[in-house]
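All remarks here apply to the structure that follows.
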Protein chains: 2
Amino acid sequence: MDKMTQLPPKDPELDALIGYQLQMARLRLMDAAYAVLAPYGISPARVTALALIRAQPGLDQSALGRALSINRASAMKLVNLLVERGLVERRAGRNLRSHALHLTGEGETRLPEMIARLRDSEAPLLADLSSTDRATLLQLLQRIHDPLSCD
Amino acid sequence: MDKMTQLPPKDPELDALIGYQLQMARLRLMDAAYAVLAPYGISPARVTALALIRAQPGLDQSALGRALSINRASAMKLVNLLVERGLVERRAGRNLRSHALHLTGEGETRLPEMIARLRDSEAPLLADLSSTDRATLLQLLQRIHDPLSCD
DNA sequence: TATTGTTATACTCTATAACTATA
DNA sequence: TATAGTTATAGAGTATAACAATA
């Protein structure tokens with residue numbers, strides 16, 4: 001029996017959808033990201049949360065949730081996990097019903113390492129792109145998710 | 001008490017990661033995609049599966065799974081759902097242990113509608129991009145997930 | 001031996017809904 | 001009234017492991 005090598009199917013209409021290309025590119029990058037973060041036992045999305053907390057120390061859980069496009073209950077679970085890992089702490093907030101989120105010393109130490117690893121993990125996948133291409137890609141993506149930032 | 005309007009936090013290191021920008025742009029596009037597909041009771045990923053089956057009729061479940069980067073068991077559940085919806089059918093395959101996947105008549109009718117809706121859903125988010133920008137974005141994304149396609 | 005389909009089970013992430021406390 | 005946190009529960013999507021049938 002001849003094996004009839006099956007190339008992955010391709011559909012021109014599908015290929016023309018930004019959402020599809022975005023998803024496929026993301027799958028590749030995510031695989032690489034999970035691999036380099038394995039030693040930290042943390043997902044790329046968790047690193048995002050840490051970076052947002054660092055960028056705005058004292059943020060409360062609901063605001064973190066909004067920044068990540070997840071709801072309060074999901075933000076709660078996320079923060080619980082980061083606290084368990086010793087990367088984040090809940091301090092007294094600006095009023096009695098909200099917490100102020102801060103990185104712990106451990107979090108401050110680990111976050112730059114994690115981000116460096118993520119950057120490394122992207123490199124092989126971007127090898128074919130010139131640095132101009134990469135800058136263009138970053139800018140175009142940013143203009144989709146954050147239209148205000150096109151100054 | 002003054003309300004201290006909280007802008008969403010931004011981290012420069014995070015913003016420089018392609019994976020992060022990809023994820024954020026994808027969130028926006030996905031929200032729009034789910035909204036327009038609601039009448040079909042189907043997710044964007046399911047539309048992808050339908051398009052791949054249309055592109056290569058007779059595909060088996062394992063090959064579909066590989067094209068979607070999911071495993072056999074997950075591909076199984078996906079196909080079950082598409083069959084229940086009357087969009088896909090399992091026909092006799094090229095041997096006795098594999099099925100040949102095909103769109104039903106209903107599937108052939110609905111798929112182009114769904115893709116048209118997805119295309120419409122992207123338009124508002126891409127409004128700020130010129131058609132050159134969109135082509136560039138498509139091409140750059142394609143070069144990440146499918147390096148062979150840069151001809 | 002390797003591949004395909006199948007089933008059962010479990011994990012991750014997220015959402016909804018309801019409740020408490022505070023603003 | 002509206003907001004922040006919390007808890008319990010449920011759903012979607014995926015993975016692993018095991019097995020049967022076929023190549």
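Looking at A:R26 and B:Q23, their side chains do bring a donor and an acceptor atom within 3.5 Å of each other. Counted by atom type alone, B:N80 and B:R85 present zero donor-acceptor pairs between their side chains at under 3.5 Å.
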| remark: Encoded 5' to 3' (Watson-Crick or G-U under 3.5 Å; [ ] crossing; | other strand), DNA chain C becomes |||||||||||||||||||||||
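Results of the side-chain contact (heavy atoms from CB on, under 4.5 Å) test with B:L64 over B:V88, B:L101, B:L82 single out B:L101 as the only residue that passes.
What separates CG of B:L82 from P of D:dG13 is a distance of 11 Å, to the nearest Å. Put simply, CG on A:L96 is 13 Å from P on D:dT6, counting in whole angstrom units. Atom CZ in B:R94 sits about 10 Å away from atom C1' in D:dA23, given to the nearest Å. Across the protein-nucleic acid pair, B:R66 atom CZ and D:dT14 atom P stand 16 Å apart, rounded to whole Å.
No donor-acceptor pair closer than 3.5 Å links the side chain of A:R91 to the backbone N or O of A:G58.
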| task | Using the side-chain hydrogen bond (donor to acceptor under 3.5 Å, both in side chains) rule, take A:T136 and A:D133 through it: C-alpha gap first, then chi angles, then the decisive distance, then the call. | result | CA-CA 5 Å; A:T136 304; A:D133 285 341; 5.3 Å; no
| query | Can you give one letter per nucleotide of nucleotides 5-16 of chain C, going 5' to 3': B for a protein heavy atom under 4.0 Å from the base, S for sugar-phosphate only, - for none? | reply | BBB-----SBBB
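Between the CG atom of A:L59 and the NE2 atom of A:H99 there is a distance of 13.0 Å, given to the nearest 0.5 Å.
The list of side chain to side chain donor-acceptor pair (under 3.5 Å) pairs with a residue in residues 105-114 of chain A, not counting sequence neighbours, reads A:Y40-A:E113, A:E106-A:R110, A:R110-A:E113.
A:Y20 and A:M30 fall into different hydrophobic clusters, where Ile, Leu, Val, Met, Phe, Trp and Tyr residues are linked whenever their side-chain heavy atoms come under 4.5 Å apart, directly or through other members.
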